[in-house]
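The analysis underlying the following values was restricted to heavy atoms, covering all of them including side chains, and did not include hydrogens, waters or symmetry mates.
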Amino acid sequence: VSDYDTSKKFYEAALGPIGVTVMMEFPTDRGMAAGLGKEKPILWLSGGAQVKPHVHVAFSASSRAEVDGFYAAALANGGKDNGPPGIREHYHANYYAAFVFDPDGHNIEVVTHRG
């Protein structure tokens, strides 16, 4: 990520509603790195450079309320709207998701497939 502290704050807040937290953090030769997850790290942040091209990363939520919580927290912590919470019928009838751009412009999605 281009700004480790900004991205760490964003991801901690945005993914908190789905139970993802910083599980470990340590110094590297390029600054700091963090592993975020629930039972084990599933997303790694490392400072020093912005990744190009942008990526799309999706996380699973247990409920529509968690998707809504992700979206609100992401926007309140520097994320930019890329699709508010709602049904995406072109995927299937219960595809409920929200999309935001993180501070570096990556497309972050949280989705549940439960009705």
Please name the pair of heavy atoms, one in Asp102 and one in Tyr11, separated by the smallest distance, quoted to 0.1 Å. OD2-OH, 2.6 Å
Using side chain to side chain contact (heavy atoms under 4.5 Å, CB included), reason through Tyr95 and His113 one step at a time and then give a plain yes or no. CA-CA 5 Å; Tyr95 198 106; His113 301 280; 3.4 Å; yes
Can you find a pair of side-chain heavy atoms, one from Ser63 and one from Arg114, that are under 4.5 Å apart? no
Compare every heavy atom of Ala14 with every heavy atom of Pro17, then report the nearest pair and how far apart it is. CD-O, 3.3 Å
Qualifying residues under side-chain contact (heavy atoms from CB on, under 4.5 Å), relative to Phe101, sequence neighbours excluded: Lys80, Asn82, Asn107
Look up atom CD1 in Ile42 and atom CG in Leu36, then write down how far apart they are to the nearest 0.5 Å. 8.5 Å
Hey, are the side chains of Arg64 and Ile87 touching, using non-hydrogen atoms and a 4.5 Å cut-off? yes
List the steps, then state whether side chain to side chain contact (heavy atoms under 4.5 Å, CB included) holds for Asn77 with Lys9. CA-CA 7 Å; Asn77 286 278; Lys9 178 184 176 219; 3.6 Å; yes
Enter the distance from Glu89:CD to Asn94:CG here, rounded to the nearest 0.5 Å. 10.0 Å
Could you tell me whether the side chain of Trp44 reaches within less than 4.5 Å of the side chain of Met24, counting heavy atoms only? yes
Cluster link Phe70 to Val55, ILVMFWY, side chain under 4.5 Å: yes
Can you name the residues that form a side-chain contact (heavy atoms from CB on, under 4.5 Å) with Glu12, not counting sequence neighbours? Lys8, Val22
Separation between CZ of Phe59 and CD1 of Ile108, rounded to the nearest 0.5 Å: 6.0 Å
Please find the pair of heavy atoms, one from Glu109 and one from Ala97, that lie closest to each other, and give the distance. OE2-CB, 3.7 Å
Find out whether His106 and Val57 are in side-chain contact, i.e. whether some heavy atom of one side chain is under 4.5 Å from a heavy atom of the other. no
If every non-hydrogen atom of Ser7 is compared with every non-hydrogen atom of Asp104, which pair is closest and at what distance? OG-OD2, 4.1 Å
Correct closest heavy-atom pair for Ala74 and Val100 would be CB-CG2, 3.8 Å
Minimum side-chain heavy-atom gap Val111-Tyr91 below 4.5 Å: no
Return the minimal non-hydrogen interatomic distance between Ser60 and Ile18, and the atom names on each side. O-CD1, 4.1 Å
Within the structure provided, determine whether His56 and Phe99 are in side-chain contact (heavy-atom separation under 4.5 Å). yes
To the nearest 0.5 Å, how far apart are NZ in Lys38 and CE in Met23? 11.5 Å
Test side chain to side chain contact (heavy atoms under 4.5 Å, CB included) applied to Leu45 and Glu25, step by step: CA-CA 9 Å; Leu45 301 178; Glu25 187 172 28; over 6 Å; no
